[in-house]
Each structure stands twice: as C-alpha cells, then as structure tokens.
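These values consider heavy atoms only, across backbone and side chains, with no hydrogens, waters or symmetry-generated copies.
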Amino acid sequence: MHANLSAALADSFQRYAERIALQTPTGERFTYAQVAQQVARYKAVLNGAGAIKGDRVAVQVEKSPRSLFLYLACLREGVVYVPLNTAYQPAELGYFLQDAEPALIIVSVEAEASTRALVTSLNSKARVLTLSADGGSFGADSTAPGEIKAADIEPDDLAVIIYTSGTTGRSKGAMLTHRNLLSNALVLIEAWAISADDAIVHALPIFHVHGLFVANHCALLSGAKLLWHAGFDTSAVMDDLQHATVMMGVPTFYTRLLAQSTFTKARCKNIRLFISGSAPLLLETFEQFRARIGQTILERYGMSEAGMIASNPLRGERRGGTVGFPLAGVALRVADASEHAIADGESGAIQIRGDNVFAGYWRNPEKTREEFTDDGWFRTGDIGVFDAEGYLSIVGRAKDLIITGGYNVYPKEIELVLDAIPGVHESAVVGVPHPDFGEAVTAVIVMDGTRSHVEEAAVIAHLKTCLANYKVPKRVYFVTELPRNAMGKVQKNVVREQVSQR
C-alpha cells in the first residue's frame, strides 16, 4: 500500500494514462495522463507562490475541472487543502482565514477585490490568487516541468482541513491525514466494486466530504471516468445517466429526478449503482425510486471527521431507513452514558475507531479531547441503533444539527444573527421535513415588544446579506413565547412539532 494518497493517485494516473479520467457536458475531456500534466503545472504554481509542505491553502472557487487539478496539486505539494463553501459571505469567510492562517487564498476572479480587502482588514500575510472556471489567472503563465518531484509525505501528514461546526458556536477544522483519506477510499472501492469500467456521475459540490473525497478518490484510484457537472442540473444529469454506471448523490438529487416524468427505467439501463448520502433518505423516496426505476438506492453514513463509516451492502438486502453495516476497518459501537456498548435494539451514542478517523481539531486540543472517550473512541454526536441483523439506523442527532439539501446547518449560528435584529427578544431555529431538501431550515421568533411587527420577508432578506443561502430559513414564524422545560431550556423538539403542524 502506498504511504500517502498523492503517491497512490500518481500511480493510478500512470497506470490508466490513456483512459478518460474526466469529461464535462460542455465537451471537455481529460485523460489520466492529461490530468497528471495539469496537476504538475498547478503544483509548480503553488511552489512558485511560496507554498511549502504544511502550509494551509484556502480555496473558495466554483467547481470546474481546474478546481480538481488544484486540489490534486495541493496533495502532491504536501500543502494542506482547506476547502471553503462558495456560498460563504465575507463576514463568514473572515473566521476561517483567521483560524486556518493560510499562506495562500485562492478565490474566483469576481471575489478577488473583496478577499484582498478582507485579508488587509485581518492583517493577514496570506497571498491572494485567483482561479476561474476556465482556468484563467491561476498559473496562466506557467508551464509544467518535464518531471515534478512529489513532496516527501508521510501517512500521518495532514492533507486537508475541512471545517465542521457544533450547535454551540464556531466552526472547527477537522484535520484529515493522507492515511485517513487513502484508507477510506480503498475500503469504499472494495465495498462498492468501483473499477476502470465505471463512469460516475459527479454533480456534487467539492467543498465537503461527499464530493471532494468519496466521488473523486473512488474514481481516480480505480481508473473510472468522472462525468463532471458544475452543479445539479436535472436535464444534464439525466442525459449523462444514459452513459453512466454509478451515480453518487444526496436525497435532493433523487427527489428532483423523480419529479420528472421523463426519468424512467430506460434512462438508467446502464446504471449498476445509485448511492445516497450526506442527509437522511426518506423512506418514501427510497420506495418510490425502487418502484419507478426498479433499482434500490444504496444509502451510506459518513461525516467530516471520518469520511464514510457505514454502508448498505452492494450485494444483499439494502434496507430503507438504515445505513447498513460498518465498513471494513471501522469499529463502531452504540454506547450508553457510561461509554459501554449496549444491546441490539437499544438506541445510544454512535462511537467509532479506525484509520479513517481524523487526527483531531485544528488548534483545538481541548475540543479534541472532549470528543474522544478515554479508551480512544470518537463520539460522532449521532444517536443510533442496531437491529437484530446488524443494520444500523441513525435515529437522532445529539446536537440538533439540520441537514438541508446535503448541507449541514447549525441552528445557533442563525439564532445569533436573528437575536441581533432590533425588536427580536429570542429565536429558535429547527429543521422540519421537506420533500425536496430533506429538512427545511425554519425560524421561530419572539419579539421584545419594542416593535409592533417585523415582516417575515424583511427578516429573510436581512439574513441573505450575512449568511450563505442554504442557511437562510425557508419560513419565519412569530410567537409570544418558546416552550421550555423545568430547567428553562428551550424544547427544540416541541418547537419542531409545532412548526411541522403549521
């Protein structure tokens, strides 16, 4: 086994040199050899910009083949890739730049001026470069050297810092090593039988685990073809399904496909595997898809801190409402309050160990210690239960996380913005079931009496100026008080029920 992910990818690029690695709906095509050339070119630019092993490189650019080349170049250069959601506003971006302290920040051409202004305001020494979807600016004047020497990378060197969050405050940078990423990718390739014969529809964003790691690593390490989409366009994806063998998606993708009368079994005749993750797949969607297409979606379970953790089987029964079995190399227990494994059929805290589990939170040793048990198990924060046959179901989330359209939303962040609006006394943000997004972000507000009324539309418009769009509530309701327990804590479960009834 290779010592690091970059070396394994380089070997794959050589082995499958003449095969198509990536193609887009606009007709762009790159062989594995051409990808390797582009990675060498981008690595040379990183090196020329002064990036050295261990430096953080923050990236907030639109998805394109060039964004993939940049990620692969960072792996090869030994710098730490820090993907940032393209929806983040400057007010949100500042925190990540202060925390990660990147040596380089790579953004779209359109965001260059605002990013430079932000860097100046933060007194940061980071250098700002740009990369457009067509490859403009970044490395425009560079040519790849004949040979590019890879950095000396050890298995436990950091590859990526991916930011996750908690309901109580600031985002945390999950540190993922080459060992974490490579071990998880090899397990998935085996579990899902990914091979050079596959063509994988990739319409996921690449600033989180599913799109950046799962789809890319599985394809590129096995010689498969990536059918690369900048975003999820229903018509374009349906066209590509006719030429694909695997689709990786979030539940929203599947509900949108099912909404099209032209989405039929005939369009999917070459697909051998539909995979869903990043959010719970409603049983209704699971069953509707099977009835319409004649195939059963494979649902799996993962998170930023560990990549993929469990999966329904490739061969064997895929049970709706479950995430299957722990993957090879992943130890998983459902534990009680005393950190002891409990019997099947009883719900408890999901805890895991394995080579896929991250190295800790960036510059936050206290939080890292808090999230691991004394005997070395990582506390996922999810509540689960095993059935008698060993299938795992996720039955709750310990921290009120909302997952909407595959994106994680943490209520506290939105509540802090709401509570700062003049006239707002307090707020509660919850997720309610939604047929398209899985969950819809919904806000409930109590006014303080200083203002007679605040319009829902005005609240939403305000939030859109300071939060990424997916975090903005779909609805805002006004109430006279929030339900509380005997200790005075807001009962989010009651709020959720009340909102759902509306």
Next on the checklist: What verdict does the salt bridge (charged side-chain N to carboxylate O under 4.0 Å, His left out) test give for Arg369 and Glu366, after you've listed the backbone C-alpha separation in whole Å, the side-chain angles of each residue and the deciding distance to 0.1 Å?
Outcome noted: CA-CA 5 Å; Arg369 285 191 297 270; Glu366 183 177 333; 5.3 Å; no
Less than 4.5 Å apart, any side-chain heavy atom of [X] and any of [Y]?
X      : Y      : value
Val209 : Met303 : no
Glu346 : Val334 : no
Met308 : Phe213 : no
Glu101 : Arg363 : yes

Checklist entry - Stepwise, does the salt bridge (charged side-chain N to carboxylate O under 4.0 Å, His left out) test hold for Asp156 with Arg179? => result CA-CA 6 Å; Asp156 293 322; Arg179 185 194 305 276; 2.8 Å; yes
Checklist entry - Just checking, any donor-acceptor pair under 3.5 angstrom between side chains of Asp419 and Ser427? => result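 Yes - a donor-acceptor pair under 3.5 Å links their side chains.
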Checklist entry - Which pairs pass ring pair (Phe, Tyr, Trp, His ring centres under 6.0 Å) with one or both residues in residues 107-126, sequence neighbours excluded? => result none
Next on the checklist: Please enumerate all residues that pass salt bridge (charged side-chain N to carboxylate O under 4.0 Å, His left out) together with Arg116, with sequence neighbours excluded.
Outcome noted: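 For Arg116 the salt bridge (charged side-chain N to carboxylate O under 4.0 Å, His left out) partners, ignoring immediate neighbours, are Glu112.
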Next on the checklist: One pair to check against salt bridge (charged side-chain N to carboxylate O under 4.0 Å, His left out): Arg475 and Glu456. What are the steps and the verdict?
Outcome noted: CA-CA 8 Å; Arg475 292 299 309 273; Glu456 177 187 31; 2.7 Å; yes
Next on the checklist: With ring-ring contact (aromatic ring centres under 6.0 Å, His included) as the test, pick out the partner of Tyr391 among Phe325, Phe386, Tyr301.
Outcome noted: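 Running ring-ring contact (aromatic ring centres under 6.0 Å, His included) over Phe325, Phe386, Tyr301 with Tyr391 returns exactly one hit, Phe325.
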Checklist entry - Does the distance from a Lys or Arg side-chain N to an Asp or Glu carboxylate O, for Arg290 and Glu287, drop under 4.0 Å? => result no
Item to check | Glu339, His340, Gln351 screened by side-chain hydrogen bond (donor to acceptor under 3.5 Å, both in side chains) with Arg333, the one that passes | outcome: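 Exactly one option meets the side-chain hydrogen bond (donor to acceptor under 3.5 Å, both in side chains) with Arg333, and it is Gln351.
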Checklist outcome for this item: Exactly one of Tyr407, Tyr470, Tyr163 clears side-chain hydrogen bond (donor to acceptor under 3.5 Å, both in side chains) with Asn85, and that residue is Tyr470
